[in-house]
Amino acid sequence: MSIREKALAYLRTNPLRHLVHLKYLNLYAETVELHYVESGASVGVLLSHPTEAITWDIAAYPQTQQVFLPAASDEKAAALLVEKVNHLVTSTKECVFKFCDPMTTAVFGRAFPMRFMKALLSYTTAQMQPDWTDDGVTITSELDDACLPLYLTNGYTEAELCKLFDSGALPFTIYEADRPVCTCLTYPNSDTIWEI
């Protein structure tokens with residue numbers, strides 16, 4: 001089994017907890033560096049990338065150099081990831097850590113001076129059987145150029161949008177006088193999880 005397969009197997013044990021990791025491996029595989037540690041039953045996954053490589057991160061953390069996303073099964077694995085980060089840091093510029101659980105946050109907090117920047121709240125729902133009978137909403141499988149300015153103001157780049165549509169994105173749009181006034185973009189985040 002490859003390192004990627006091992007990392008995905010671990011992350012998929014709790015896909016909602018590891019949602020950002022899975023998304024980055026799905027959408028930014030060519031940008032993100034993947035590290036995997038294992039010691040007995042302890043497993044850790046670390047994703048890293050230059051901040052400037054991902055649009056969302058450079059907009060949110062312009063003063064930083066690197067972004068790290070650690071995920072660990074226990075404190076032993078988290079400590080191994082701390083060691084890995086120490087070898088990967090390439091400058092004295094600030095780094096960003098994106099945590100998905102309090103245990104890993106605590107282990108890294110003991111190793112690095114950190115200050116809180118922001119938190120992301122996600123809401124989930126079970127599989128839905130939607131009723132798409134609203135005549136005011138247009139559903140397509142292609143990117144409407146008229147919607148492009150709306151998506152760009154939400155932080156996407158054209159290249160990212162093309163990639164999302166290539167992976168099956170669906171826009172739900174309300175038009176008035178043939179102009180989009182509201183649009184909602186859904187796309188496969190990873191596996192069977194879709195993001196809205």
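In this text, all values refer to a predicted model and were calculated from it rather than measured experimentally.
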Show me the donor-acceptor pairs within less than 3.5 Å that the side chains of residues 112-124 make with the rest of the protein, sequence neighbours left out.
unit_1, atom_1, unit_2, atom_2, d
Arg115, NH1, Glu94, OE2, 3.0
Arg115, NH2, Glu94, OE1, 3.3
Arg115, NH2, Glu94, OE2, 3.4

Practice item. Identify whether Val181 and Ile139 are in the same connected component of the hydrophobic contact network (ILVMFWY, side-chain heavy atoms under 4.5 Å). Key: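 Same hydrophobic cluster.
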
Practice item. Give the cluster check for Ile58 versus Val96: same hydrophobic cluster or not, with ILVMFWY residues linked at side-chain heavy-atom distances below 4.5 Å. Key: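 Different hydrophobic clusters.
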
In chain order, what residues pass the side chain to side chain donor-acceptor pair (under 3.5 Å) check against [X], with sequence neighbours excluded?
X     : result
Lys84 : none
Thr51 : Thr64
Ser2  : Glu5
Asp74 : Ser42

Within the structure provided, determine whether [X] and [Y] are in side-chain contact (heavy-atom separation under 4.5 Å).
X      : Y     : value
Glu83  : Val37 : no
Leu47  : Tyr28 : no
Tyr187 : Lys23 : yes
Val45  : Leu34 : yes
Ile193 : Leu19 : yes

Provide the closest heavy-atom pair for [X] versus [Y] in the form atom of the first, atom of the second, distance.
X      : Y      : answer
Met103 : Ala78  : SD-CB, 4.1 Å
Gly44  : Ala77  : N-CB, 3.9 Å
Ser141 : Phe165 : O-CD2, 3.6 Å
Thr140 : Leu170 : O-CD2, 3.3 Å
Cys100 : Pro70  : SG-O, 4.2 Å
Leu46  : Leu81  : CB-CD2, 3.8 Å

Which distance, rounded to the nearest 0.5 Å, do you find between the [atom1] of [X] and the [atom2] of [Y]?
X      : Y      : atom1 : atom2 : value
Arg179 : Ile174 : CZ    : CD1   : 14.5 Å
Asp57  : Leu69  : CG    : CG    : 7.5 Å
Tyr36  : Met1   : OH    : CE    : 8.5 Å
Leu161 : Leu152 : CG    : CG    : 6.0 Å

Review point. Tell me, which pairs form a side-chain hydrogen bond (donor to acceptor under 3.5 Å, both in side chains) where one or both residues lie in residues 8-18, sequence neighbours left out?
Key: Arg12-Asp191

Not counting sequence neighbours, which residues clear ring-ring contact (aromatic ring centres under 6.0 Å, His included) with [X]? List them please.
X      : answer
His49  : Tyr24
Phe99  : Phe97, Phe108
Tyr61  : none
Trp194 : none

Point to revise | Verdict with supporting geometry, Asn26 and Leu22, side chain to side chain contact (heavy atoms under 4.5 Å, CB included) | key: CA-CA 6 Å; Asn26 183 37; Leu22 290 166; over 6 Å; no

Exercise for review: Determine yes or no for a side-chain-to-main-chain donor-acceptor pair under 3.5 angstrom, with Thr104 supplying the side chain and Ala71 the backbone.
Suggested key: no

Practice item. Start with the C-alpha distance between Ile54 and Val67, add both sets of side-chain angles, then the distance that settles side chain to side chain contact (heavy atoms under 4.5 Å, CB included), and finish with yes or no. Key: CA-CA 10 Å; Ile54 296 180; Val67 177; over 6 Å; no

Point to revise | Within residues 141-167 or reaching into it, pairs that qualify as salt bridge (Lys or Arg N to Asp or Glu O under 4.0 Å) - sequence neighbours excluded | key: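 Only Glu30-Lys163 qualify under salt bridge (Lys or Arg N to Asp or Glu O under 4.0 Å).
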
Check your understanding: Stepwise, does the side chain to side chain contact (heavy atoms under 4.5 Å, CB included) test hold for Leu185 with Asn154?
Key -> CA-CA 11 Å; Leu185 182 63; Asn154 201 33; over 6 Å; no

Exercise for review: Give the C-alpha distance, both sets of side-chain angles, the deciding distance and a yes or no for side chain to side chain contact (heavy atoms under 4.5 Å, CB included) between Leu8 and Leu25.
Suggested key: CA-CA 9 Å; Leu8 286 171; Leu25 286 172; 3.9 Å; yes

Exercise for review: Please write out which residues are connected to Leu150 in a hydrophobic cluster, directly or through intermediates, given that two of Ile, Leu, Val, Met, Phe, Trp, Tyr count as joined at side-chain heavy-atom separations below 4.5 angstrom.
Suggested key: none

Review point. Is the number of heavy atoms from other residues, nucleotides or ligands within 6.0 Å of CD1 (Ile3) greater than 12?
Key: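 Atom CD1 in Ile3 is not packed in, count stays at 12 or less.
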
Practice item. Classify the side-chain pair Thr183/Tyr151 by whether it contains a donor and acceptor separated by less than 3.5 Å. Key: yes

